Amino acid sequence: KTRGARDVTIMRLRVHVPQGANCLSFRFKFLSEEFPGFVGSAFNDAVIAEVGHAPTWKPSSNQSPTITAPDDFATTRNDESLITVNGAGIAKVSRAAAKGTTYDAATGKLRASTPVKPGNRLLYLSLFDQGDRQYDSAVFFDRLSVRHAANCKSGLVRSK
């Protein structure tokens, strides 16, 4: 039996990128109930952002609990860490960041960006549980924008 994705939610947004624009970005915050008890375990909720024809991410098996997401642009630039309860760097969750919510931990406010070409594009925002149905996570998205940026790079930065 595989540790497949459970409670999958995929939001597909049609985005028109006008001439002169080259950068798609949005702000978000990931919150989870899986902290601290399931950090480093096979139960690993995740948020993935992709631009393309369809989502490309895949959860792995019980023997190797990982998530493969080759087209995910909501990752840290240095270590390519996914947004999960096991996240690292600026994607790391903490109790303090979840203060005032019902969740046990959260990331800080983050902004994910990726280069895009003009035309109609599909943005896929995925949230899922890997392996369990008991402890949930959530994500709040805000300020989706398409603009011109002199230096648009895929990845995450802290947001205000």
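Source: prediction; values computed, not measured.
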Taking only residues two or more places apart in sequence, or in another chain, which ones meet F140 in a ring pair (Phe, Tyr, Trp, His ring centres under 6.0 Å)?
none
Are any side-chain N or O atoms of R27 and backbone N or O atoms of K160, one a donor and one an acceptor, separated by less than 3.5 Å?
yes
All heavy atoms of L127 vs all of A138, minimum pair found to be CD2-CA, 3.9 Å
Strictly by disulfide bond (SG atoms under 2.5 Å apart), give each pair with a member in residues 7-57 just once, sequence neighbours left out.
C23-C152
Shared hydrophobic cluster, L110 / M11 (ILVMFWY, side-chain heavy atoms < 4.5 Å):
yes
Please report the shortest heavy-atom distance between S137 and D129, naming the atom on each side.
N-OD1, 4.3 Å
Can you tell me how far the OG1 atom of T75 sits from the CD1 atom of I83, to the nearest 0.5 Å?
7.5 Å
Measure the shortest side-chain to side-chain distance between T9 and V139 over non-hydrogen atoms and say whether it is less than 4.5 angstrom.
no
Do L31 and V47 share a hydrophobic cluster, counting only Ile, Leu, Val, Met, Phe, Trp and Tyr and linking them when any side-chain heavy atoms are less than 4.5 Å apart?
no
So, does D72 use its side chain to make a donor-acceptor pair with the main chain of A49 at under 3.5 Å?
yes
Close side-chain approach of P118 to P18, heavy-atom, < 4.5 Å
no
Partners meeting side-chain contact (heavy atoms from CB on, under 4.5 Å) with A46 (sequence neighbours left out)
I67, T84, F128
What residues, two or more places apart in sequence or in another chain, satisfy side-chain contact (heavy atoms from CB on, under 4.5 Å) together with D71?
E50, T56
For residues 141-160, which residue pairs pass the ring-ring contact (aromatic ring centres under 6.0 Å, His included) check, not counting sequence neighbours?
F26-F141
Listed once per pair and sorted, the side-chain hydrogen bond (donor to acceptor under 3.5 Å, both in side chains) pairs that draw on residues 99-108, sequence neighbours left out
none
Check step by step if side-chain contact (heavy atoms from CB on, under 4.5 Å) holds for F28 and L125.
CA-CA 11 Å; F28 72 101; L125 302 170; over 6 Å; no
T76 and A88 have their tightest heavy-atom pair at CG2-O, 3.7 Å
Does either side chain, that of W57 or that of T68, offer a donor lying less than 3.5 Å from an acceptor on the other one?
no
With sequence neighbours excluded, tell me which residues meet side-chain hydrogen bond (donor to acceptor under 3.5 Å, both in side chains) with H53.
none
For S25, all residues meeting side-chain contact (heavy atoms from CB on, under 4.5 Å), sequence neighbours excluded
R111, S113, S145, R147
Would you list the pairs meeting side-chain hydrogen bond (donor to acceptor under 3.5 Å, both in side chains) in which at least one residue belongs to residues 85-97, sequence neighbours left out?
N44-N86
Closest non-hydrogen atoms of A149 and N22, given as atom of the first, atom of the second and distance, are N-OD1, 2.8 Å
Got a donor-acceptor contact below 3.5 angstrom from the K29 side chain to the A97 backbone?
yes
Test side-chain contact (heavy atoms from CB on, under 4.5 Å) applied to L122 - qualifying residues, sequence neighbours left out
R12, R14, Y124
Quick one: pull up CG in N120 and NE2 in H16 and give me the separation to the nearest 0.5 Å.
6.0 Å
